[in-house]
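All figures in this text were calculated on a predicted structure; none of them were measured in a lab. Note: hydrogens, waters and symmetry copies are ignored here, and every other heavy atom, side chains too, is used.
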Amino acid sequence: MAHLFVIAGHGAGDPGACGHGFSEAERVRALATKVKAIGGDNVTLGDFNMDYYQSNGIASLNIPKDWQIVELHMDSGVETARGAHIVIKGGFDPDSFDTALANNLAAIFPGRASKIVGRNDLQNVNVAANRGYGYRLAECGFISNLNDLTVFNNRMDEVARAILGAFGIKGGNTPVPNKPTVTPTPSKPSKPQPTYKGEKLYFEYQVKAGGKNYPPVKDLNDWAGAGDGVAITDIAIRCNVGHVKYRVHVKGKNWLPWVDGYNWNDHNNGYAGCGEPIDGIQVYYDTPSDYAAKYGWQKAQYRVSTLEGREYYDWQYDNETHSGQDGYAGKLGVAIDKFQLF
């Protein structure tokens, strides 16, 4: 049995993701409170008044190294996106706690193709790994999905016991999935998902900056832009598999409409921009079901640098607003000069 240290995500003025009248910060604090109430002395709660991301709280954490840390969050996305998963340090193998927690939560919140995801772009994941703590971030369903949110609210006691059970703590248990299947149940079981036989996903993108069109870039082969200090004014993005949409925020003005084309001659849908400096970019990718069945659900991962400095901002995943993400790449009020996407 492990001793569990529970961090409730966001807070300290940051509500996290919001949906259907609820905020992520409030909901995960309610869940953490339930975990403590059931787990008793085997559970220690992090400071609810802190945002452990903004304050870099894990860097100053002083707990025994054999304690296990779980950071509670709720995901956000399109209304149909649903399901739980956990995030661990990229390159690390899941331990027995990770596997048990992912399985337990996925039994209550099914829907994600990948129950355990490794990432290297999240501050708390990286800091915990560097300090030698056993850490995982748990996305307990989508607050933007009414079904997931209803399950979260109505079965919170069960969710808490599922978390405790993953760490062998008294009062915990392993939930039984609503539909006991080995793999996630497809929406139409009479029609199996086709086997994807096409090429791997890639993104291609190009920009206009300083009145000039710059060559297209594929994934992370390079960056798009004129270079340091020259503002990007327009951008075009395409993908070879699935569907991508995108939009930009014009500095000092508003967000322009979503587009999904890739053609400088199409001034309505072929690119995003109006010839003026942009300070925000939002990209969203839809994964085809047959591709997801083979490779897992994909997200647009993108970042920018601005005229304010020479360093890139953190990676943004689709339009997510949890784990320190803003829902877009950039800093409103400061023009963008470089862009990368994969």
Result of checking Asn42, Asp66, Thr44, Asp41 against His3 for side-chain hydrogen bond (donor to acceptor under 3.5 Å, both in side chains):
Thr44
Residue of the set Tyr285, Trp315, Tyr317 for which side-chain hydrogen bond (donor to acceptor under 3.5 Å, both in side chains) holds with Gln301:
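Of the listed residues Tyr285, Trp315, Tyr317, the side-chain hydrogen bond (donor to acceptor under 3.5 Å, both in side chains) partner of Gln301 is Tyr317.
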Start with the C-alpha distance between Glu276 and Lys251, add both sets of side-chain angles, then the distance that settles salt bridge (charged side-chain N to carboxylate O under 4.0 Å, His left out), and finish with yes or no.
CA-CA 8 Å; Glu276 300 180 35; Lys251 182 183 175 184; over 6 Å; no
Can you confirm whether the side chains of Gln206 and Asn213 place a donor and an acceptor under 3.5 Å from each other?
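There is no such pair (donor and acceptor under 3.5 Å, judged by atom type) between the side chains of Gln206 and Asn213.
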Non-hydrogen side-chain atoms of [X] and [Y] separated by less than 4.5 Å:
X	Y	value
Asn269	Asp266	yes
Arg82	Asn147	yes
Ile58	Ile7	yes

Option from Trp223, Tyr246, Tyr205 for which ring pair (Phe, Tyr, Trp, His ring centres under 6.0 Å) with Phe339 holds:
Tyr205
Please determine if [X] forms a cation-pi arrangement with [Y], meaning its NZ or CZ atom is less than 6.0 Å from the six-membered ring centre and no more than 45° off the ring axis.
X	Y	value
Arg303	Tyr312	yes
Lys294	Tyr291	no
Lys218	Phe203	no
Lys208	Tyr271	yes

In terms of heavy-atom contacts, does NZ of Lys65 have more than 12 from other residues, nucleotides or ligands at under 6.0 Å?
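Count over threshold, so yes.
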Identify the heavy atoms of [X] and [Y] that sit nearest to each other, and give their distance.
X	Y	result
Tyr328	Tyr302	CA-OH, 4.0 Å
Ala2	Gln68	CB-CG, 3.8 Å
Gly16	Asp14	N-OD1, 2.9 Å
Phe48	Ala32	CZ-CB, 3.8 Å
Ile38	Ala160	CD1-CB, 4.0 Å
Met74	Cys140	CE-O, 3.7 Å

Aromatic rings Phe109 and Phe152: how do their planes relate, parallel, tilted or perpendicular, breaks at 30° and 60°?
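Correct class here is tilted.
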Would Phe167 and Leu164 show up in the same hydrophobic cluster when neighbours are defined by side-chain heavy atoms closer than 4.5 Å?
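Same cluster.
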Audit row: Arg112, Asp75, salt bridge (charged side-chain N to carboxylate O under 4.0 Å, His left out) steps and yes/no
CA-CA 11 Å; Arg112 294 295 293 256; Asp75 227 328; 2.9 Å; yes
Would you please test Leu101 and Arg136 for side-chain contact (heavy atoms from CB on, under 4.5 Å) and show each step?
CA-CA 9 Å; Leu101 181 61; Arg136 67 283 305 154; 3.7 Å; yes
Which is it for Gln282 and Trp258 under the side-chain contact (heavy atoms from CB on, under 4.5 Å) test, yes or no, and what are the steps along the way?
CA-CA 9 Å; Gln282 208 170 26; Trp258 290 97; 3.5 Å; yes
